Each structure stands twice: as C-alpha cells, then as structure tokens.
Amino acid sequence: MKKLVSMLCALALVLSMAGCSGKESKGVSGTFTGTAKGFGGDVTVTLTLEDSKIVDCTAEGKDETQGIGSVAIEKLPAEIAKNNSVGVDVIATATFTSNGILEAAKSALTSAGLNPDDYMTVGGGEVKDASYDADIVIVGAGGAGMTAAITAADEGKTVIVVESQAMVGGNSVRATGGLNATKTAAQDKNEFAENAGVEKTLNTAATTYADNAAITELAKTVKAQYDAYLLDSSDKGYFDSVELMELDTMIGGKGINNFELVKTLCENSADAIDWLASIGIDMPSVSSFGGASVKRIHRPLNDEGKVVSVGAYMIPLLEKNMTDRGITVLLETTATEIMTDGDKVTGIVATGKNGEKVTVNASAVILTTGGFGANLDMVASYQPSLKGFMTTNAAGIQGQGIKMAEAIGAATVDMDKIQIHPTVEANTAALITEGLRGDGAILVNAEGKRFVDEVGTRDVVSAAEIAQTGSYSYLIVDQAMVDASSVIAGYIKKGFTTEGATYEELAKALSIDEATFAQTMNDWNACVDAKEDAEFGRTSFANKLDTAPYYAIKVSAGVHHTMGGLSIDPTCEVLKADGTAIAGLFAAGEITGGVHGANRLGGNAVADFTVFGRIAGDSAVKYVG
C-alpha cells in the first residue's frame with residue numbers, strides 16, 4: 001500500500017509539473033516593457049499580464065510619422081491585447097512601425113520569462129456576413145473620400161465609407177508638399193518677384209506648344225493679364241491668375257490634359273483653401289514648386305511656424321471631421337464589386353477582415369480608391385520601362401476601384417501615363433518632399449555637380465537624374481533650411497541624412513570630389529545672389545546654402561503617381577466609352593484620369609482630391625435628391 005501511495009504521489013507531481021509548462025498555467029502577472037526599432041526611432045511596448053495572459057498593451061514612439069506610424073502606435077496594441085497574441089497582422093501602410101511594436105512586445109514577453117513563440121496564434125471566431133444601408137457609399141478613405149464624405153454628410157445624407165486598409169489616409173497621408181491654389185489671400189502676403197518664371201512659361205507656350213489651341217489661347221490671356229499688371233502703377237499685390245495656373249498645368253501635362261477638368265481644378269482651388277480653413281485645416285505658407293511659374297503651393301505650419309508635411313497634417317483633421325459628423329467607416333473592408341440594377345448602381349459588395357461578405361446598399365457610389373502605383377505588375381503592364389522600380393505608394397493603392405468600374409462599363413483614359421518622382425530616399429523608398437527644392441535645395445550627382453533645374457517638372461528632373469552615374473543624386477540642404485522645416489528635422493532623426501561641417505567635409509563623407517563639390521556650392525550661391533542660373537535656367541532662388549553644417553540625402557526615382565484612370569466629367573460622373581454617364585457612379589482623386597495629362601505638377605494632387613472630392617460629394621447628394 002505504501003508503495004502504491006508513493007507511486008500515485010509521484011504521478012501527481014509529474015502531472016502538476018507538466019501542467020505548469022503552458023503559458024496559461026505559469027501564472028506570470030505584472031507589467032513588463034520591451035523596446036525595438038521603429039521607423040523614426042525606438043518604439044516601447046508595455047504589456048500587462050494576468051496569469052500569463054496579455055490583458056493590456058500600450059505603445060510609445062514619439063518619432064514615428066504622424067498619420068502613418070502614429071496610427072499603428074494607436075491601434076496595434078489593442079489588437080495584441082484583444083487576441084492575447086503578438087502574431088496579429090501588421091498595418092500595411094505602417095510596416096516599419098508595426099514590426100517595431102511586435103518586436104518590442106516580444107521583448108516584453110521575454111523579460112517576463114515567457115516564450116514569445118507561445119503567443120503567435122490569433123484566435124478565430126464565427127464569421128458573420130453584414131449588410132448596411134446608406135444614401136451614399138464611398139470606397140476609399142483617402143483625402144478625396146473623406147472630403148466627399150464630409151461634403152455629403154453636411155448636406156444631410158447618410159454616408160458609409162469603406163476602406164481596405166486598417167487606417168484612413170491612403171496615398172494622401174504620404175503627401176509631403178502642399179496644395180496648389182491661385183488668387184488666395186495667402187499669396188497676397190508675398191512680394192511678387194518672379195517675372196522670369198512667367199516669361200519662361202510664356203516662351204514655352206509659344207515655342208513648344210504653338211500648335212496646341214488650348215495652351216495658345218491661355219498664353220494670350222496670361223500675357224495680356226501680365227502686361228496689364230506690369231503697367232499698373234498702383235499697389236499691384238501678388239500676380240497670379242486662374243489662367244496662369246491652367247497654363248502651368250496644361251504645359252506640365254504635355255498638353256494632353258482634359259481642359260474642362262483643368263478649368264474645374266483651377267477655378268475652384270482658392271475656394272478649396274477657404275473650405276479647408278472652415279473645417280480647421282489652415283495652409284498659410286506659400287512657396288515655389290516644380291512646374292509653377294509663381295509661388296502657388298500652400299503649406300501648413302506647426303505651432304513654431306515651421307513647415308510640416310501636408311498629408312500628415314490634413315488626414316487626422318479630415319478624420320476628426322468625419323468622426324464629429326458620425327460618419328461610419330468600415331476599415332479592413334475591401335470592395336470587390338459594384339452592384340447594379342439595370343443602368344443604375346445600387347451599392348457595393350466587399351470582403352471584411354475575417355473573410356465575411358459585406359454589402360452596402362446605397363443610391364450612389366463614389367469611388368476614391370486612388371490609382372495603381374503600388375501594383376507594380378499593373379504599372380509594368382502599362383509601362384514596361386518601369387519594371388523593377390520602387391514605389392512611394394501606400395500598400396492599398398492597387399487599382400481595384402478602376403477594375404470594378406471597368407467591369408460595369410466605365411471607360412479609362414491615359415492609363416500609360418505614370419509619374420516617377422526624382423527624390424525618393426534611396427534605401428527606404430520614403431518620399432522626400434519637392435518643397436525642399438522649392439525652398440532652395442539643389443541636386444548634385446556622384447561627381448558633385450548640378451545637372452538640372454531642380455524645380456523643373458518631375459518627369460524632366462527624374463529623366464535627368466536617371467541619366468547620371470548610378471541613376472541617383474544627392475539633395476543638398478543647409479542648417480538654415482533645417483531650422484525652418486520640421487520636415488527636414490524628421491529626415492535627420494530617421495537617419496536619411498549625411499552631415500558635414502564644411503562643403504569639403506560633406507563631400508568626403510559622400511565619397512565625391514571635394515573641390516568639385518565646393519565649387520558647385522559656391523557657384524549656386526552666386527546664382528542666388530544674381531537671381532540667374534545661366535547653366536540650367538532655374539528661376540526660383542529662395543535661399544543660399546551657406547549656413548553650416550550641411551546635409552545630403554541620397555535620392556533616386558520611384559513610381560509615384562498614376563495620371564491615368566477612370567474617365568469623368570467636371571461633375572465627377574463616371575463615363576462610359578460613348579461619353580454617357582453611369583447613373584449614380586462618381587469618382588474623384590487619383591482613380592480618375594484626364595486632370596493631369598502626361599505629368600502631374602507637385603501640389604496639384606492635394607488640390608485635385610480636395611476640389612473633386614467636394615464636387616463628387618455634392619454631385620452624389622444632388623443625384624440622390
């Protein structure tokens with residue numbers, strides 16, 4: 001009997017020890033912290049455990065990009081706690097930050113004496129289909145989609161927004177420059193000193209586009225306006241006009257733009273600035289940008305008066321405006337089909353995060369899904385020369401909206417017109433704002449020499465850069481530019497820059513000829529003093545680059561914007577090949593074609609999604625009645 005009791009006790013001890021080997025029975029409780037590398041710096045995660053189960057999770061990452069990484073900081077910890085898992089899906093548009101959060105969470109588990117591998121499974125549940133009813137359904141929660149939603153909601157319509165990603169913003173949140181607008185109060189605060197830019201544009205119109213009727217007519221109007229401006233002896237204010245913005249946009253687009261859409265964009269640009277201000281989005285700074293004859297791009301400032309990235313500034317405020325209006329947003333819900341009844345659209349079908357079918361019945365559908373710049377196979381199918389290029393686009397920009405609309409008879413235009421951007425950070429594909437060149441930065445090649453007018457149109461600058469040794473260049477700024485821009489300060493924190501106390505020291509760090517680079521810098525500063533660039537014809541001279549230290553960012557060209565897309569009219573109705581409208585279907589933003597022609601000017605994308613987003617929302621309201 002004693003032997004049997006001893007055996008039973010031993011067996012109980014073994015079973016007890018075995019029961020302690022799982023994560024549920026270790027009984028670890030408390031708060032544990034881990035740190036890992038995010039996109040902008042360190043990310044710290046704090047886990048609260050009860051009996052080895054994750055019951056709470058928080059994350060901090062003060063240097064993560066506002067509107068992108070900051071969304072992962074806000075949303076991913078809740079998924080970790082909800083699922084008791086560090087195997088949750090990353091937020092596709094913020095992969096660096098997401099991966100940092102997950103690695104930091106694993107580190108926290110390790111510090112608790114637990115094995116992170118035991119926390120990689122995400123539990124499932126019953127998947128249920130869902131159905132919704134609304135006046136208007138909007139597919140895509142980028143700038144155009146949110147603008148359309150706010151506009152329609154303010155007219156009393158019920159709106160549902162469907163977004164494929166785990167966060168709003170799309171490509172819009174990645175916009176770094178600003179919004180092109182003409183005849184604004186902010187422009188009038190600037191002194192006009194850009195005669196050379198206007199004259200250069202008029203000369204281009206007369207020589208390169210003499211056979212383009214729209215451009216020729218615009219040039220006549222602008223010349224008459226400009227001549228009258230120069231003759232006026234009174235306080236002239238700032239010279240710009242709707243027609244000059246139209247002329248710049250048409251020339252930038254190689255003259256193939258749909259002129260009626262260009263007119264709509266430019267005529268409504270100043271009102272777009274006023275409307276944004278009315279909902280708490282201000283853009284008081286005006287500067288130069290590629291392809292614009294005069295200072296026209298409007299940019300936001302932070303509390304210190306420094307320029308900030310327009311997308312990271314706008315998108316959270318647009319999202320707040322939607323929240324304030326009670327607009328329903330279905331995240332991680334990918335639209336797959338536009339429903340129709342005869343010749344009219346009746347809503348959309350989508351797939352939810354867990355594979356459930358989501359149906360939204362609506363009287364009108366607005367497509368704002370963006371272009372197809374992240375679908376590199378689709379890019380290469382239209383432009384084989386771009387095969388293998390990196391992209392600046394958000395993960396969700398796959399062209400789904402275009403394909404859905406084509407499936408019900410929508411026409412497309414200019415699909416092979418795909419823009420590459422010349423200043424994409426060479427290692428991370430992060431977009432480096434064109435605004436730096438407008439503010440005075442220059443580009444130098446591997447030999448330390450300038451090679452192009454840095455504020456030329458993106459296609460011209462990109463082509464010149466690709467022709468250089470190694471198909472890359474260095475964007476050069478100085479400390480004075482850093483002090484005026486929180487954007488550059490962010491690039492420095494992210495490790496994008498190389499620094500030198502002198503021109504020669506920076507050149508040495510870049511492994512380029514020191515004397516050649518120093519001569520290039522001195523020559524550029526002389527151009528600024530003289531307000532003349534005899535070698536490359538640049539007409540924008542914001543600042544000399546003579547305040548040490550100096551910084552360089554290695555950049556190359558990447559797929560940035562698809563100018564082609566759905567055919568629309570100025571009311572944002574989607575058109576068939578025969579020019580008739582598809583009843584109840586509207587589109588705005590990068591999903592559409594015709595506005596930008598063969599090449600988009602920097603600053604016109606934000607103008608595009610604001611102007612046409614508002615029009616699409618208003619047109620849908622009128623259609624619904």
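Source: prediction; values computed, not measured.
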For [X], give me all partners under side-chain hydrogen bond (donor to acceptor under 3.5 Å, both in side chains), at least two apart in sequence or on another chain.
{"X": "Thr158", "value": "Asp135"}
{"X": "Ser70", "value": "none"}
{"X": "Thr539", "value": "none"}

Is any NZ, NE, NH1 or NH2 atom of the basic residue among [X] and [Y] found under 4.0 Å from an Asp or Glu carboxylate oxygen of the other?
{"X": "Asp240", "Y": "Arg296", "answer": "yes"}
{"X": "Lys295", "Y": "Glu194", "answer": "no"}
{"X": "Asp618", "Y": "Arg614", "answer": "no"}
{"X": "Asp439", "Y": "Arg299", "answer": "yes"}
{"X": "Asp608", "Y": "Arg600", "answer": "no"}

Worksheet item: What do you reckon, is CZ of Phe96 surrounded by more than 12 foreign heavy atoms closer than 6.0 Å?
Response: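 For Phe96, atom CZ is not crowded (no more than 12 foreign heavy atoms under 6.0 Å).
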Worksheet entry | Lys200 NZ: over 12 foreign heavy atoms closer than 6.0 Å |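 Counting neighbours around NZ of Lys200, more than 12 heavy atoms of other residues, nucleotides or ligands fall under 6.0 Å, so yes.
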Any chance the side chains of [X] and [Y] put a donor and an acceptor closer than 3.5 Å?
{"X": "Ser164", "Y": "Thr334", "result": "no"}
{"X": "Gln479", "Y": "Tyr551", "result": "yes"}
{"X": "Asn599", "Y": "Gln419", "result": "yes"}
{"X": "Thr562", "Y": "Glu590", "result": "yes"}
{"X": "Gln400", "Y": "Thr369", "result": "no"}
{"X": "Thr65", "Y": "Lys494", "result": "yes"}
{"X": "Glu425", "Y": "Thr428", "result": "yes"}

First locate atom [atom1] of [X], then atom [atom2] of [Y], and finally report the distance between them rounded to the nearest 0.5 Å.
{"X": "Asn268", "Y": "Leu265", "atom1": "CG", "atom2": "CG", "value": "8.0 Å"}
{"X": "Thr368", "Y": "Ile138", "atom1": "OG1", "atom2": "CD1", "value": "6.0 Å"}
{"X": "Thr497", "Y": "Ile553", "atom1": "OG1", "atom2": "CD1", "value": "6.5 Å"}
{"X": "Thr333", "Y": "Gln165", "atom1": "OG1", "atom2": "CD", "value": "11.0 Å"}

Please check if the side chain of [X] supplies one atom and the backbone of [Y] the other of a donor-acceptor pair under 3.5 Å.
{"X": "Gln187", "Y": "Lys183", "result": "yes"}
{"X": "Thr176", "Y": "Ser309", "result": "no"}
{"X": "Tyr313", "Y": "Asp282", "result": "yes"}
{"X": "Asp414", "Y": "Gly593", "result": "no"}

Can you find a pair of side-chain heavy atoms, one from [X] and one from [Y], that are under 4.5 Å apart?
{"X": "Tyr132", "Y": "Val137", "answer": "no"}
{"X": "Val139", "Y": "Val360", "answer": "no"}
{"X": "Glu573", "Y": "Ile568", "answer": "no"}
{"X": "Ile582", "Y": "Val345", "answer": "yes"}
{"X": "Val310", "Y": "Leu179", "answer": "no"}

Fill in: Residue pair His561, His421: steps toward the ring-ring contact (aromatic ring centres under 6.0 Å, His included) verdict
CA-CA 8 Å; His561 191 95; His421 195 291; over 10 Å; no
Item to complete: Decide yes or no on side chain to side chain contact (heavy atoms under 4.5 Å, CB included) for Thr249 and Asn257, but give the supporting numbers first.
Response: CA-CA 8 Å; Thr249 301; Asn257 321 54; 3.9 Å; yes
Worksheet item: What is the ring orientation for Phe239 with Tyr226, classed by angle as parallel under 30°, tilted 30 to 60°, or perpendicular over 60°?
Response: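 Correct class here is tilted.
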